[in-house]
Amino acid sequence: MPTRLLIRNADVVVTMDETRQEIAGGDVLVENGKIVAVGKGLPRDGAEIIEAGGCVVTPGLVNTHHHLFQTLTRAVPAAQDAALFGWLRVLYPIWSRMEPEDIRLSAQVGLAELALSGCTCSSDHLYLFPNGSRLDDSIEAASDIGIRFTATRGAMSIGESKGGLPPDALVEDETAILRDSERVVDAFHDAGEGAMVQVALAPCSPFSVSRELMRDAAILAREKGVRLHTHLAENDEDIRYSLDNFGMLPGDYAESLGWTGDDVWHAHCVKLSDPEIDLFARSGTGVAHCPCSNARLASGIAPVRTMRDRGVPVGLGVDGSASNDCSHLGLEARQAMLVARLKDGPAAMGAREALEIATLGGARVLGRSDIGALAPGMQADLVLWDIGELPAAGQWDPVAALVFCAPIRPRAVYVRGRAVVTDHQLLTADPRDLRARAQKAVARLAGSA
């Protein structure tokens, strides 16, 4: 890997720096995996030249919520038209038959798809571990594909026999959950600048774990210095469950157990009330906004305009590939812009704000100050978007076109200055091989139904 790269003569470099500077005809100079200069006419100084004409260069996109294991259960017929709880009841039995190799393969497929959509850092919420599967399986997949990874050690401990939603076969003993949570943090979490793997603790949801596990996970996470993640206030059923079982709204329940703060982010938050939004803003609690999944499951439209105006950190998440059913962050940014307008009017969100949420916003939600912008000292995670292709033909504003005209294909994707995608092709895995293996796995999972 070259130690110096000069990405030169981009149509526009979108920095997402403190001033949100956009540089026409801009360059980005990279050395040893970090950005050393951004500007125009930067000297070569022995760097390898990457010509970026016909491209918009942006920071890499950041995915703040996913369930990669679901990549092998896309478009399952019985789940296509169900709301959240019914959708889960269809899929739980299929997921219970997955093997460790299925977990790794599904993560490889999903992360490859994300890389080809311009994603350079992804979170993953793995909350079930059938047949000996471990968080290690998805971490290995991320290493294979070569993008940054926040692996969250999820868990379910309250099965149907105790009033929970998941089948008993998919829940774990809470002592074992905490023990393995400590193991994976110690084994894999890198707290340093430029980390390729970080770990967070992520009991699945208030309707699948006990109060005690939520509280104990928060205590353990803070002892270990890692972040916390779960689902919250996803739809009306979720709100009813919280009121019926805890006597309070989900945000208040989260606060009562130590689940608010700038080291916490919650997925969805479609149904947060005004007081809960204020609570999140005061505490710095983040939100992973998943507009495609929320529409797919008819959960509703999250109040992102209100959240942003009040200072809640917001990033984007594609959510699981069984509820989206793709892993394309460019499409997620477009959907975020469109549903914000549907909810709050045509000026509620512009393309540049959607792009900011997809980059800098996601980095903040994941607690990363070293990615999300193109500026000296930042990690060299960047994307060259090809606006010379047909989907952008006729555009008047190339930066806005990344969102309005999505999907635009990345010509190249770099993580830590290393090419993961070049000439629209993934370099770290063979997509044809991944597809063939995925369909073979699907045939087995479907055949054993």
Side-chain angles (χ1 to χ4, degrees), residues 61-68 70 74-75 80-84 87 110 113-114 117-119 121-125 205 229-239 250 265-272 276-277 280 286-310 312-366 400 402-408:
L61 307 186
V62 179
N63 178 34
T64 63
H65 185 66
H66 208 322
H67 306 294
L68 288 166
Q70 296 178 9
R74 305 196 222 218
Q80 289 175 13
D81 303 317
L84 175 64
W87 173 87
E113 187 182 6
L114 282 167
S117 80
C119 176
C121 178
S122 181
S123 170
D124 179 44
H125 190 183
S205 63
H229 181 53
T230 194
H231 299 89
L232 202 77
E234 186 168 352
N235 67 2
D236 290 332
E237 288 176 296
D238 200 344
I239 303 302
W265 84 105
H266 295 285
H268 302 295
C269 297
V270 173
K271 299 294 182 177
L272 283 189
E276 290 171 295
I277 292 172
F280 278 32
V287 170
H289 177 40
C290 307
C292 289
S293 174
N294 295 341
R296 158 79 155 78
L297 296 174
S299 298
I301 302 173
V304 170
R305 179 71 276 143
T306 302
M307 292 180 188
R308 293 267 298 171
D309 288 346
R310 296 186 189 176
V312 175
V314 177
L316 288 182
V318 298
D319 202 11
S321 290
S323 65
N324 186 311
D325 288 25
C326 75
S327 302
H328 196 296
L329 267 175
L331 290 175
E332 208 69 40
R334 185 176 192 268
Q335 182 84 341
M337 178 183 73
L338 296 180
V339 299
R341 293 171 175 221
L342 189 62
K343 184 175 180 64
D344 294 312
M349 183 177 293
R352 284 170 169 81
E353 183 175 11
L355 188 59
E356 178 181 317
I357 293 170
T359 53
L360 200 60
R364 182 183 176 192
V365 165
L366 294 184
L402 297 182
V403 179
F404 276 104
C405 306
I408 304 292

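Just so it is clear, the model here is predicted, and its values are computed rather than measured. Each residue takes its place number in the sequence, starting with 1.
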Determine whether Phe404 and Met337 satisfy the following criterion, side-chain contact (heavy atoms from CB on, under 4.5 Å), listing intermediate values before the conclusion. CA-CA 9 Å; Phe404 276 104; Met337 178 183 73; 3.5 Å; yes
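- With sequence neighbours excluded, the residues satisfying salt bridge (Lys or Arg N to Asp or Glu O under 4.0 Å) with Glu113 are Arg74.
- Using a 4.5 Å heavy-atom threshold, the side chains of Glu356 and Arg308 count as touching.
- Side-chain contact check for Asn324 and Gln70: no donor-acceptor pair (N or O, by modelled atom type) lies under 3.5 Å.
- Nearest heavy atom pair, residue Gln80 against residue Ala75, reads NE2-O, 3.0 Å.
- Within the model, atoms CG of Leu114 and NE2 of His328 stand 9.5 Å from one another, a figure rounded to the nearest 0.5 Å.
- A pairwise comparison of heavy atoms in Val339 and Pro291 identifies CG2-CB, 4.0 Å as the closest pair.
- A donor-acceptor pair under 3.5 Å links the side-chain atoms of Asn63 to the main chain of Val318, judged by distance alone.
- The closest side-chain heavy-atom distance from Met307 to Val287 is below 4.5 Å.
- Atom CG of Leu84 is separated from atom CG of Asn235 by 5.0 Å, given to the nearest 0.5 angstrom.
- One finds the CG atom of Leu316 at 6.5 Å from the OG1 atom of Thr64 (value rounded to the nearest 0.5 Å).
- Residues Met349 and Val304 have side chains in contact (heavy-atom distance under 4.5 Å, counting atoms from C-beta outward).
- Heavy-atom minimum distance, Glu276 versus Pro250: OE2-N, 3.5 Å.
- Within the 4.5 Å cutoff, no side-chain heavy atoms of Arg296 are placed close to those of Asp319.
- By the ring-ring contact (aromatic ring centres under 6.0 Å, His included) test, His268 is found to be paired with His65, His231, residues two or more places apart in sequence or in another chain being considered.
- Under the 3.5 Å distance criterion, with hydrogens and angles disregarded, a donor-acceptor pair is assigned to the side chains of His66 and Ser327.
- Taking NZ of Lys271 as the reference point, atom CD of Glu234 lies at 11.0 Å (rounded to 0.5 Å).
- With Trp87 contributing its side chain and Ala322 its backbone, the two residues share a donor-acceptor pair below 3.5 Å.
- The main-chain N or O of His67 is never found under 3.5 Å from a side-chain atom of His125 such that the two would form a donor-acceptor pair.
- If you take CD on Glu332 and SG on Cys326, they are separated by 7.5 Å, rounding to the nearest 0.5 Å.
- In this structure, Lys343 and Arg305 have side chains that are not in contact, with every pair of non-hydrogen atoms separated by 4.5 Å or more.
- The nearest pair of heavy atoms linking Leu366 to Ser123 is CD2-CB, 4.1 Å.
- Considering every non-hydrogen atom in both Leu331 and Cys292, the closest pair reads O-SG, 4.3 Å.
- At least one side-chain heavy atom of Leu61 sits less than 4.5 Å from a side-chain heavy atom of Thr359.
- In this structure, the side chain of Arg364 does not engage the main chain of Val314 through any donor-acceptor pair within 3.5 Å.
- Of all non-hydrogen atoms in Cys269 and Ala302, the two that sit nearest each other are O-CB, 4.1 Å.
- Side-chain atoms of Asn294 come within 3.5 Å of backbone atoms of Cys290 as a donor-acceptor pair (strictly under, hydrogens ignored).
- Leu360 contributes atom CG, which lies 10.0 Å from atom CG of Leu355 (distance to the nearest 0.5 angstrom).
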